[in-house]
Amino acid sequence: MNKRFLIITILAAGLTNTTWADKQEKLASPNGKIVANINIGKELTYSASFNGEQILKDCPLSLQVGQELLGVNPKLSNTKRTKIDEQIRPVVPLKQAVVPNKANALTLNFKGYSVEFRAYDNGVAYRFIINKKGIVDIVSEGINYHLPTAFEAHISKTRNFNTSYEQPYTHISTAQYKADDEITYLPVLLESPKGTKVLISESDVRDYPHTFLKSTGANGFTAIHPKSPETWEPRGDRGWTITKERNCIARTNGQRTLPWRFAVIGSDATIAANQMELVLGGKCELQDVSWIKPGQVNWDWWNHWTIWDVDFETGINNDTYKYIIDTASKFGVEYILLDEGWNKRVEDPFTYSDHIDVKELVEYAAQKHVGIILWLTWLTVEQHPDLIKHYADMGVKGLKIDFMDHSDQWMVNFYERTARECAKHKLLVDFHGSFKPAGLEQRLPNLISYEGVRGLEQGGGCRPENSIWLPFMRNAVGAMDFTPGSMQNAQPEDNHGTGSLPMGGGTRAYQMALYVCFESGLQMLADSPTRYLREEACTRFITSVPTTWDETRILAAKAGDYYVVAKRKGAKWFIGAITGSKPQDITISLDFLNRPAMLTSFRDGRNAHRIAVDYKKETQEVNPATTLTLHLARNGGWCGSIE
């Protein structure tokens, strides 16, 4: 009996040291469907489940500040639980005029730092909060996503941190994604064996690098970050070479919150409807936002300044741009863009090309109620910060700033410095060659859009089979400047790319539907004014589509296959539907209507599967009891307006 008592005592003591000493905290979403379990033991880990299905399993999180490693052998001081229940009214509402922010929150307080968790009905999020004196070096942040089994992963592979964020998506099982494979940038979309979708990204990234992920080789991902540049030198007219890096990812204030790491969890529609990046992005810092005017833009570069049936030689000259301005004015388009070529040398923002006079164009456009936006490289802006005031004083309405191609701490701060200076002078900003949205546009909403997407400018490399993922990935984390609007439509095998007579992948109805399906506060019309004038019925529709919305409803969605959305502005509804390489028949209900109305729609023509320009325009009376069956050709679409 004494021996048995001794063995039981030893076993009990061992369990106390390895298990009972760990502290467990549970945090459930307001509706109880999402549960985060946080374990505080030798390391700080969390797991997440959705409707009882485990999604994330024992994911460790840590932060190295100088020589101190936070989150390892943590000593919990106390916890605080709160409820968040507020409404956000975004300055540029891409989905909803009023966005709910409702979550249960748990803050774990340790010596010198805290970790805040939030559980939403559509996901989980956490962030570190540090409380250190002075300036500190963040050497690394341990961000891990461990999966309970093999998930399907939809990722954007890149060899290194220098990227334009335009790679086509790769679809791979996490069991086949090896630890020595290429890295991926965010967002990442995952699918569990039961079909649950998980969108991973980040928000409120300030004075800190953006996150990349690599495979653990064991059904999981771990984060890597570019180091903080200390010195650099220009390379050419738009590049740079980092000549010295610090041995940290960020040198920053020791008393601050770090970026939110979030996972949206649920159905395909949940992913497409989410606004987690907005909710976590921070508060608007501008006192006066009345001058921030979202809208559409006639764009020159993709169509190669190609205009015909005119009495002047077209190209980069004032006559061409005045014609573009006239076309924009005719259709009520708010802006035109002067892309690369308006200045004689890219690095000189004050010397115009021989046949360009920006001031004259600004004045001419103002008479037509059209604004001018200028293209510039980031390097030119960095080397000539006085250009912002110069062109704002001239009456230019915004800047398209291009080729950043980095997301380290220095470049993140360049985005903020530039957007803040532009806000001071009431200029919009559209970043190209850019990373994803991660909160800055919520704090400085004059940052009206970002590229960082495989868009129409990729010519034949922009295929609907890739673009059909965008509502569930890139556009699911904020504004996306995709540059749609081709009127010379081609199935992928017939798409011969860009040039003086460019072609756009997908059917005519598909290209038109993108204006409803894709979200950007600045939405391009990429094709030639001549084509828009010749295709007036289609142009009248796309130029009637707003860029901001009061209400959005996902009517049907399956990532990689189809996406159907209804959006309301005032009393008018718009519906857009797109598909990938497979034809679809999709039945939708119009039960969101509150009265009989008239539907004007554009659908794929009978031969659109082969001749992509084939479309048919129809009108019909509808009411809340109406159901519609949408017949989408391969790479096809459907769009309509109801009023």
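As the structure is a prediction and not an experimental result, all values here were calculated from the model.
- For the residue pair D402 / W375, a side-chain donor-acceptor distance below 3.5 Å is found, with atom types taken as modelled.
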Under the criterion side-chain contact (heavy atoms from CB on, under 4.5 Å), I'd like the reasoning laid out for I200 against V198: C-alpha separation, chi angles, the key distance, then a yes or no.
CA-CA 6 Å; I200 294 172; V198 186; 4.2 Å; yes
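- More than 12 heavy atoms of other residues, nucleotides or ligands lie within 6.0 Å of NZ in K567, so this atom counts as buried by the packing criterion.
- Using the six-membered ring where Trp is involved, F602 and Y615 have ring planes that are tilted, between 30° and 60° apart.
- Screening E451, E277, H210 for a side-chain hydrogen bond (donor to acceptor under 3.5 Å, both in side chains) with K436, the sole residue that qualifies is H210.
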Test ring pair (Phe, Tyr, Trp, His ring centres under 6.0 Å) on W638 and H631 and set out the steps.
CA-CA 8 Å; W638 186 99; H631 303 283; over 10 Å; no
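- Ring orientation note: the planes of Y415 and F435 are close to parallel, at an angle under 30° on the 30°/60° scale.
- The residues E166 and R454 are annotated as not salt-bridged, no charged nitrogen and carboxylate oxygen being separated by less than 4.0 angstrom.
- Ion pairing between a basic and an acidic side chain is recognised when a charged N comes within 4.0 Å of a carboxylate O; D180 and K214 show no such pairing.
- Shown here is K616, whose NZ atom has no more than 12 heavy atoms of other residues, nucleotides or ligands within 6.0 Å.
- Between F161 and F212, the ring-plane angle classifies as perpendicular under the 30° and 60° cut-offs.
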Could you walk me through whether F331 and Y532 pass the ring pair (Phe, Tyr, Trp, His ring centres under 6.0 Å) check?
CA-CA 9 Å; F331 292 111; Y532 287 129; 7.4 Å; no
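- For D339 and K400, the salt-bridge test passes: some basic side-chain N is under 4.0 Å from an acidic carboxylate O.
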Residue pair F262, Y120: steps toward the ring pair (Phe, Tyr, Trp, His ring centres under 6.0 Å) verdict:
CA-CA 10 Å; F262 68 79; Y120 289 87; 9.3 Å; no
Apply ring pair (Phe, Tyr, Trp, His ring centres under 6.0 Å) to residues F482 and F518 and explain how you reach the verdict.
CA-CA 8 Å; F482 178 86; F518 289 173; 4.9 Å; yes
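- Proximity of a side-chain donor or acceptor of T306 to a complementary backbone N or O of S500 within less than 3.5 Å is detected.
- Inspection of the Y321 and D300 side chains reveals an N or O donor paired with an N or O acceptor under 3.5 Å.
- Comment: E536 engages R540 in a salt bridge, judged by a side-chain N to carboxylate O separation of less than 4.0 angstrom.
- In this structure, E643 places its CD atom where only 12 or fewer heavy-atom neighbours from other residues, nucleotides or ligands lie under 6.0 Å away.
- Within a 6.0 Å radius of NZ in K33, no more than 12 heavy atoms belonging to other residues, nucleotides or ligands are found.
- At a cut-off of 3.5 Å, with distance as the only test, a side-chain donor of Y165 or S407 sits close to an acceptor on the other residue.
- Here CG of L280 is found 11.5 Å from CZ of R261. Values are rounded to the nearest 0.5 Å.
- For the pair R238 and F403, the distance from NZ or CZ to the six-membered ring centre is under 6.0 Å and the angle to the ring normal is within 45 degrees.
- Taking the charged nitrogens against the carboxylate oxygens, E519 and K95 do have a contact shorter than 4.0 Å, which makes a salt bridge.
- Within 6.0 Å of the CD atom in E621, the count of heavy atoms belonging to other residues, nucleotides or ligands does not exceed 12.
- For the 3.5 Å distance criterion, the side chains of D527 and Q488 fail to qualify, holding no donor opposite an acceptor.
- The environment of NZ in K558 is sparse: at most 12 heavy-atom neighbours from other residues, nucleotides or ligands sit within 6.0 Å.
- A salt bridge links R568 with E551: the closest approach of a Lys/Arg side-chain nitrogen to an acidic carboxylate oxygen falls below 4.0 angstrom.
- A donor atom on one side chain and an acceptor atom on the other are found under 3.5 Å apart for T507 and D604.
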